Amino acid sequence: MAYNFQEIDKKWQNYWAQNETFKAHNDSDKPKYYVLDMFPYPSGAGLHVGHPLGYIASDIYTRYKRNKGFNVLHPMGYDAFGLPAEQYAIQTGQHPAVTTEANVIRYKEQLDRIGFSFDWSRQVKTCDPSYYKWTQWAFTQMFEHYYDTAKDKALPIEEMKSAFAGGGSAAVQAWGSKELNFSAQEWQAFDKKKKEEILQNYRIAYLDEVPVNWCPALGTVLANDEVKDGLSERGGHPVEQKVMKQWCLRVSAYSQRLLDRLESLDWSESMKEVQRNWIGRSEGAQVEFAVKDKDFGFEIFTTRPDTMYGVTFMVLAPESEYVEKVVTASQKAAVDQYLEECKKKSQRDRMMETKSMTGVFTGAYCVHPFSGKEIPIWIGDYVLGGYGTGAIMAVPAHDSRDHAFAKTFDLPIIPVIEGEGAQNVAEASYDAKEGKLINSDILNGLEVKEAITRMLEEVEAKNLGTRKVNYRLRDAIFSRQRYWGEPFPVYYVDDEPHMLSVDKLPLELPEVDKYLPTEDGDPPLGRAKKWQTEEGHPFELSTMPGFAGSSAYFLRYMDPNNNDELVSKEANAYWKNVDLYVGGPEHGTGHLIYSRFWNKFLYDLGVICEDEPFKKMVNQGMIQGRSNFVYRLKSDQKTFVSATLAADKKKYDTQEIHVDVNIVQNDILDIEAFKKWRPEFADASFILEKEGDSEVYKCGWAIEKMSKSKYNVVNPDTIANKYGADTLRLYEMFLGPLEQSKPWNTNGIEGVYRFLIKFWNLFHEGEELSLSDEKATPEELKVLHTCLKKVQEDMDNFSFNTTVAAFMIAANDLAKLKCNKREVLSDLVVALSPFAPHTAEELWQKLGATESVSQAAWPVAEEKYLVESNFNYPVSFNGKMRFLLELPVDYSKEQIQEAVLGHENSQKWLEGKEIKKGIIVPKKIVNIVVG
RNA sequence: GCCGCAGUGGUGAAAUUGGUAGACACGCUAGACUUAGGAUCUAGUGCCUUUGGCGUGGGGGUUCAAGUCCCUCCUGCGGCACCA
């Protein structure tokens, strides 16, 4: 019987759908396992072969876990709000919901063609009101809570109010935007507006005037991670700095918890490192410097208190509130001019001139808290307003930025550390945290580390400041001036924000006539009719950003149809959190931070039982495209020169043009297909080159990102139709390690296709099914169990490429042995079923089974079939000597000694020594203790 | 600049974590069966000056033993980047 994958694929995909084979139940005696893929944004371009890489891996693991006896939750959904659908809507006038739905249908078809075992009954779409009800609800809860730093969790804002009323600001330790100080009496005397202003300083969701990345072309603000090199990540439009009133989430309050729990996660070290960098914890001191002849001072943050005596000037950020307070009359004009210049500079300009320093002298001086010396106060835009206190003490001898500033403005440089490479601080700063302190009074002679501790003690003893931890992680700006996103569940009374209660949710996205800002510059929701409460209070006009809907979707899958709660206590207690999360590493600083934050917040509320959403994560690499080019003569637009000839630039002056990779085979152009590809190429002529005996047109190639415009997109459906879904799945895994990025290349696909045919043929003799019930021979069992053992080991390490190799070896060996024993083949079919489920189901049925292979028990590898015997060579020597041996496990000590002594290699190492004992550890290696 | 990851045949890659380097596959070569082969099968395939020698980016080290550990340099990828 021929291997007819077309028929088999269709048959089993229908079977799975009709029988709901992969439906997960919330009540089961089996242990649970939750495998999650990062859900896709359903773009108009459809899936290419790169997208399913992670889905295939997670599906393999899911099926494996099912066979191992787990109740596996493996859902899929769509991150359906987003910019591309809205941009398309602006161009065409079509409602984004319509195009999104069409894309979702296409995605589902493509996913089904690959044979994934998703539980589709749990599908979620972030743009469904029944889904975003809970996104909105979580937001209202963030508004109603503050972060208590003493209890280290989010608490209701009502508790804060009563604490303020009882004991003023001192009664609560809370994470706020600013430090506020007021007494209980003052609090009680504040009017409603003032009170709300204070609460906004602590609410986890709060309104604030913040400098934002404004993208005029998109008409919206963007998060820092949506901006790359001053251009928007989507579309590449310029982005400028602007101060706007925006909703923000106090993500920074969770910095330490996000950092601490990272340790316990089974994520790749590089992904953890990305998050550590992003959170950017730094320990140091906050020290007050008094301003000369004034009754105030300002605080600076430093991680190098040891260099205190090396301070030769102070620098304030242009945004610092102290600029105005300290500037002298004579310098006022110069300072004002400088501040003007800074305002004009966009974020991008500031980055462009990284090396050159700008600044201006304020005319004022600080008094050094230890030496009492006068220190000039400067303003410089290399100091950031948003980090630390917006002011620094500059130590040009030991900080390269301060050094550059000192050189630019000719300020003194005093070395305070002696160390290797620290000889010439006039030329270059010595930044290393190594060496002995000099010129530093009380610190002289101490090592840097000691000096840091000593100075911290001094600072605290003299009441000049405190130890302080700063984080780089900023609060998330949560407003987008766009249409296609979750509406905020917020209305305003006298400009003061109020939250809709849960019974009023979801607040559904209204219809608008156009998806563009209003004439007054309001976001598109400003066009909606009656966008207000029943009482006539206006709703918020912004919508939420992309990461809102993706921050808690994994919880919704547990209980997708619950209309009363995000997730029921029971469902959450059963599924807990995601055991395995598979997705691209590019979400390290976005989605993966936000969803961890969001999850921790819900945990603080007691809504869920685990504070980390994703226990283990695997980051699949990107599959790049392999583009092909043709070379058109500039002088004659109809003539194309073959690649090797076109390389001769003197002879041919050509232009490189992307050509559809689907009409190119092994870099050789299908000329007839090319003529049909585009009307303008219909009468093209070609200058060919010799390849063997024939003349061909060779194309050039390059590895690039897979994209429509480069004509290098390969669709998974095309491959599935040509070779079958199982070949596609096996091949994507066989391509190399999962986590590595690699170009797509169909060259090796024949190899795995041949393997499947070979495997199929083990069950068949010609056209007939041929299976034997005889007992398997030891040789056959060895082949089987070697394979099972390897598969078992590799499965747990996500080393799927080597697993595929193990199956190939087994198939080759069994083919050579002409083995068609049921005993051997049935185990092999189960082991192969996660990789090639369609083929496995078909063969499983042929073996006489009546239920899906996904119900079968995972075959256990038994070591007893694997023992071998042949002698090797000594492997280690340190009192004990170890020999790599392959001996029968039941060998006695005497037999081992005999084997060891009998070998020529051992003579060399054992000369003059006596063997005291020998044991087999664990099965291959003999430990010999000699003396 | 700082941090992280990697560098192995013509190609994608393996290597039990210190133990026979190159599994498996592609490609290539030869042969078989064929009217035919872009089908299938069999054998071979790291390199060289081939009774031997050399080989995991370069150099050095530890070890009986190094792709694997240590030092150093080179190259590539990813992240952060005036974060004090």
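Here the structure is a predicted model, which is why all the values come from computation and not from measurement. Throughout, protein chains are lettered first and strands after them, A, B, ... in sequence-line order, and every chain is numbered starting at 1.
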A:Glu586, CD atom: more than 12 neighbouring heavy atoms under 6.0 Å: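 It does: A:Glu586 CD has more than 12 such atoms within range.
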
Greater than 12 external heavy atoms within 6.0 Å of A:Glu739's CD: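 Enclosed.
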
For atom [atom1], what is the distance between [N] and [M], given to the nearest Å?
| N | M | atom1 | value |
| --- | --- | --- | --- |
| B:G61 | B:C77 | P | 32 Å |
| B:G4 | B:G22 | P | 33 Å |
| B:C73 | B:A14 | C1' | 29 Å |
| B:G27 | B:C80 | C1' | 42 Å |
| B:C54 | B:U29 | C1' | 24 Å |
| B:G46 | B:G9 | C1' | 5 Å |
| B:U51 | B:A39 | C1' | 43 Å |

Could you tell me whether [X] contacts a base, only the sugar-phosphate backbone, or nothing, with contacts defined as non-hydrogen atoms closer than 4.0 Å?
| X | result |
| --- | --- |
| A:Asp431 | nothing |
| A:Leu735 | sugar-phosphate |
| A:Arg281 | nothing |
| A:Pro743 | nothing |

Round to the nearest Å and state the distance from [X] atom [atom1] to [N] atom [atom2].
| X | N | atom1 | atom2 | answer |
| --- | --- | --- | --- | --- |
| A:Leu756 | B:A25 | CG | C1' | 14 Å |
| A:Lys433 | B:G1 | NZ | P | 20 Å |
| A:Met808 | B:A13 | CE | P | 15 Å |
| A:Tyr471 | B:A84 | OH | P | 13 Å |
| A:Glu739 | B:C77 | CD | P | 20 Å |
| A:Leu316 | B:A84 | CG | P | 18 Å |
| A:Asn745 | B:U11 | CG | P | 13 Å |
| A:Arg472 | B:C2 | CZ | P | 18 Å |

Phosphate-side-chain proximity, [X] and [N], N/O vs OP1/OP2 below 4.0 Å:
| X | N | result |
| --- | --- | --- |
| A:Tyr382 | B:A84 | no |
| A:Arg276 | B:G79 | no |
| A:Gln740 | B:A13 | yes |
| A:Asn277 | B:C2 | no |
| A:Ser282 | B:A84 | yes |
| A:Arg754 | B:U40 | yes |

Any-strand Watson-Crick or G-U partner of [N], both distances under 3.5 Å:
| N | answer |
| --- | --- |
| B:C41 | B:G31 |
| B:G46 | B:C54 |
| B:U63 | none |
| B:U68 | none |
| B:G7 | B:C74 |

pair A:Lys705-A:Gln624: side-chain heavy atoms closer than 4.5 Å: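 The answer is no, as the side chains (C-beta and beyond) never meet within the 4.5 Å cut-off.
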
A:Arg474 vs A:Val251 side-chain heavy atoms within contact, under 4.5 Å: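 Of all side-chain heavy-atom pairs linking A:Val251 with A:Arg474, none is under 4.5 Å.
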
Residue pair A:Glu732, A:Lys742: steps toward the salt bridge (Lys or Arg N to Asp or Glu O under 4.0 Å) verdict: CA-CA 11 Å; A:Glu732 291 225 11; A:Lys742 54 230 157 186; over 6 Å; no

Minimum-distance nucleotide to A:Asn812 side chain [options: B:A84, B:A13, B:A25]: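 Of the options given, the side chain of A:Asn812 lies nearest B:A25.
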
Residue A:Val274, side-chain atoms from C-beta onward, closest of B:A15, B:G79, B:A84: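 Side chain of A:Val274 sits closest to B:G79.
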
Short side-chain donor-acceptor distance under 3.5 Å, A:Thr358 and A:Tyr338: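 There is such a pair (donor and acceptor under 3.5 Å, judged by atom type) between the side chains of A:Tyr338 and A:Thr358.
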
Between A:Ser799 and A:Asn797, a side-chain donor and acceptor under 3.5 Å: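 No.
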
